Amino acid sequence: YSGFPHLSGRHCMRILHKQQHLPPLEGARLEPHPFRGAGVPPDERDGAPLVPVARPERGSAAQGTAAPHREAPSGKDVGTEAFELRQLGEEDFEEFEALLRYAFQVSTSEMARIGWSDMEMKQSKMPIFEASHVMGWFYKGHLASQIVIYPMEVNIQGEICKMGGITGVATYPEYTGRGLIHSLIGKSLEYMRSQQQIVSYLCPYSIPLYRKHGWEIVSDKMTFAIKDTQLPKRHPVDGQIERVDIECEDLHRVYKYFALQEHGALIRGKLEWEEYWRWDSDDVMAAVYYSADGKPLGYVIYYIENEVFSIKEMVYLNQEAKYGIWNYISAHFSMITKVEGANYTGEPIAFQFEDSEIDESIQPYAMARIVDVQRFIEQYSFQFEDPKLTLELEVSDIMAPWNNGIFHVSWRDGRTFCEKVSTWSTGHRLSLDIKTLTTMLMGYKRPTYLYNNDRIDMDYHLLKTLETLIPPDKPYFSDYF
């Protein structure tokens, strides 16, 4: 529900890669998939969220007559005692859908213009609504504000962890300024903790708003544009690439194996893939690269329009597949003037090209926050274990009181132990807030960088230990919800 991407063009393109030659794994795919729409901008008065606006890269939201909404009684001060907080059920779906459509300014006439009926739109949202935990504030029995927690799984340093995706956050304008979203975020953290969702992701509309609630930036989006004359020369490969149907199972297999290897990646299941294709038009195409013995090792999803080859997603599991896919793209030389796409690896791609003077830009993308410090650290894959080493983390978290305090971290018998204690003991001490702890353990910012920017309070000599403990991999996250 990210501003209904079908109304704003195809601007979310991504590049995925993995430099490893391993055969795709078999097995059931994990479910489910998130909503496409998350955070909201702050209210100018007190930081309470307003109705969300479209992300800049998604284009302008459709204008027109929005779905009807209910106004607060005029001439009266609506006090918090008139509000009720509860979980939404199937009987609330109509009001849930109306608030989202109001928030994203999607009119019935606009839906008809692109070939969708009201019934089709509602049917497309129902599976996601049913799979989510949706909470809302109701005023006199009618929905005023809501938040959606979608149960997902992500790869955190090789461990598949439960993750709560925060999305569908919206408040009718007449109810802003009352702290409704602030309280919903607090309740959502309690719920995620009860479900052992140790980390939460979101795609923000307002970075300051979510930083205030404990989320921090953990990934970047790098867009690029390559002229036709800058495309790489053909590189000999043993396999071949084939155009396939977008529902091809080999495409799913390649991504699944990629996600099981790549730190930060979302584990996509059946519902994720259904939502992934929902807003794409019929001219989207896919091509899969196969090795000489027929193993699928990579794919590219793309469309060609106005002499531009636009990459929606590229995945490759080894260098052979990478070369094969770029050979295929370069073979369109006579049809195109440039190639466009986005890169979520955290590293620019210009160095990979003989002519590196390509256009690249960078912007923050996903945010994350640790929901449960103790469980997160106990599941985290540190780079080494030293029974003689102990760390003591003093964490501050204004939204999750169970994360406030001192955590004693130690290693023995191949396991990490994290215990909340009341006082300092003899371990190496460091103090930081939940945002800083999240971005550090997720690998987006290194301990030395955070120390030099006054985000960590500790002795300087401890930096070398932290740099060695924490894996160097930056998180990869290309999905949008």
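By convention here, the first residue in the shown sequence is residue 1. What you see is a predicted model; the values in this text were computed from it and never measured. Note that these values count all heavy atoms, side chains included, but never hydrogens, waters or copies made by symmetry.
Contact check for Ile198 versus Lys162: no side-chain heavy atoms found under the 4.5 Å cut-off. Here the side chains of Thr465 and Leu389 are in contact, with some heavy-atom distance below 4.5 Å. The side-chain heavy atoms of Ile226 and Phe309, taken from C-beta on, include no pair separated by under 4.5 Å. Between Tyr328 and Glu242, the closest side-chain pair of non-hydrogen atoms is not below 4.5 Å. The closest side-chain heavy-atom distance from His252 to Arg268 is not below 4.5 Å. Side-chain contact between Tyr316 and Val300 is absent, with no heavy-atom pair separated by less than 4.5 Å. Counting heavy atoms from C-beta outward, His408 and Cys418 have side chains that stay 4.5 Å or more apart. You'll find the side chain of Ile156 reaches within 4.5 Å of the side chain of Val154, heavy atoms only.
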Evaluation steps, ring-ring contact (aromatic ring centres under 6.0 Å, His included), between Phe481 and Tyr150: CA-CA 10 Å; Phe481 57 88; Tyr150 202 93; 8.5 Å; no
Test side chain to side chain contact (heavy atoms under 4.5 Å, CB included) applied to Trp277 and Ile246, step by step: CA-CA 9 Å; Trp277 298 115; Ile246 61 174; 3.7 Å; yes
Test salt bridge (Lys or Arg N to Asp or Glu O under 4.0 Å) applied to Arg455 and Glu216, step by step: CA-CA 12 Å; Arg455 294 288 296 266; Glu216 186 53 277; 3.0 Å; yes
Verdict with supporting geometry, Ile160 and Leu260, side chain to side chain contact (heavy atoms under 4.5 Å, CB included): CA-CA 8 Å; Ile160 305 305; Leu260 291 175; 3.9 Å; yes
Steps toward side chain to side chain contact (heavy atoms under 4.5 Å, CB included) verdict (Val288, Leu297): CA-CA 8 Å; Val288 172; Leu297 296 177; over 6 Å; no
ring-ring contact (aromatic ring centres under 6.0 Å, His included) between Tyr451 and Tyr460, intermediate numbers included: CA-CA 8 Å; Tyr451 177 84; Tyr460 179 79; 5.8 Å; yes
Stepwise side chain to side chain contact (heavy atoms under 4.5 Å, CB included) test for Leu391 and Leu469: CA-CA 11 Å; Leu391 295 178; Leu469 270 174; 3.7 Å; yes
Verdict with supporting geometry, His133 and Tyr191, ring-ring contact (aromatic ring centres under 6.0 Å, His included): CA-CA 9 Å; His133 182 80; Tyr191 174 80; 3.6 Å; yes
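Checked by atom type and distance alone, the side chain of Ser478 never pairs as donor or acceptor with a backbone atom of Tyr344 at under 3.5 Å. Checking side-chain atoms of Ser183 against main-chain N and O of Leu180 turns up a donor-acceptor pair under 3.5 Å. With hydrogens and angles ignored, the 3.5 Å screen pairs a side-chain donor or acceptor of Asn155 with a backbone N or O of Ala259. Here the side chain of Gln230 pairs a donor or acceptor atom with the backbone of Lys227 at under 3.5 angstrom. Of the possible polar contacts, one joining the Ser330 side chain to the Pro232 backbone as a donor-acceptor pair under 3.5 Å is found. Judged purely by atom type and a 3.5 angstrom limit, Ser132 has no side-chain atom pairing as donor or acceptor with the backbone of Val134.
Within the model, atoms NE2 of His182 and CG of Leu209 stand 10.5 Å from one another, a figure rounded to the nearest 0.5 Å. Here the CD1 atom belonging to Ile149 is positioned 6.0 Å from the CD1 atom belonging to Ile147, to the nearest 0.5 angstrom. Here the straight-line distance linking atom CE of Met314 with atom CG of Asn343 works out to 10.5 Å at 0.5 Å rounding. Put simply, CD1 on Ile456 and CG on Leu432 are 5.5 Å apart, with the number rounded to the nearest 0.5 Å. Rounded to the nearest 0.5 Å, atoms OG (Ser381) and CD1 (Ile470) are 12.5 Å apart. The CD1 atom of Ile181 lies 3.5 Å from the OG1 atom of Thr171; values are rounded to the nearest 0.5 Å.
Using a 3.5 Å distance cut-off with no hydrogens or angles, the side chains of Tyr444 and Asp220 do pair a donor with an acceptor. Neither side chain, Tyr255 nor Glu313, offers a donor N or O lying under 3.5 Å from an acceptor on the other. Tyr290 and Asp250 are linked by a side-chain donor-acceptor pair at a separation below 3.5 angstrom, with hydrogens and angles left out of the test. A side-chain N or O of Thr223 and one of Ser361 form a donor-acceptor pair less than 3.5 Å apart. Side-chain atoms of Glu159 and Gln157 form no donor-acceptor pair, as typed in the model, at a separation below 3.5 Å.
Screening residues 432-451 for salt bridge (charged side-chain N to carboxylate O under 4.0 Å, His left out), with sequence neighbours left out, gives Asp433-Lys435, Arg446-Glu467. For residues 379-408, the salt bridge (charged side-chain N to carboxylate O under 4.0 Å, His left out) pairs, not counting sequence neighbours, are Arg369-Asp397.
For the residue pair Pro447 and Met440, the shortest heavy atom distance occurs at CG-SD, 3.9 Å. Across Pro475 and Gly264, no two heavy atoms sit closer than the pair CB-CA, 4.1 Å. Scanning both residues, Ala368 and Thr438, for their nearest heavy atoms gives O-CG2, 3.5 Å. The shortest non-hydrogen separation linking Pro204 to Tyr210 is CB-CD1, 4.3 Å. Here the closest heavy-atom approach between residue Asn403 and residue Ile434 is recorded as ND2-CD1, 4.1 Å. Listed here is the closest heavy atom pair of Glu320 and Gly239: OE2-N, 3.5 Å.
In summary, Glu97 and Arg101 engage in a salt bridge, as defined by a charged side-chain N under 4.0 Å from a carboxylate O.
Applying the 6.0 Å contact sphere to OH of Tyr449 captures no more than 12 heavy atoms from other residues, nucleotides or ligands.
The salt bridge (Lys or Arg N to Asp or Glu O under 4.0 Å) search around Lys338 returns Glu340, not counting sequence neighbours. Ser219 is linked by a side chain to side chain contact (heavy atoms under 4.5 Å, CB included) to Tyr365, Ala366, Phe477, counting only residues two or more places apart in sequence or in another chain. Taking Ser200 as the reference, Trp215 meet the side-chain hydrogen bond (donor to acceptor under 3.5 Å, both in side chains) condition, with sequence neighbours excluded. Under the side chain to side chain contact (heavy atoms under 4.5 Å, CB included) criterion, His235 pairs with Tyr323, Asn327, sequence neighbours left out.
Annotation: Tyr299 is not in aromatic contact with Phe258 [ring centroid separation under 6.0 Å not met]. Between Trp326 and Tyr289, the distance from one ring center to the other does not fall under 6.0 angstrom.
Taking the six-membered ring for Trp and thresholds of 30 and 60 degrees, His332 and Tyr302 have ring planes more than 60 degrees apart, a perpendicular arrangement. By the 30° and 60° cut-offs, the orientation of the rings of Phe382 relative to Tyr380 is perpendicular.
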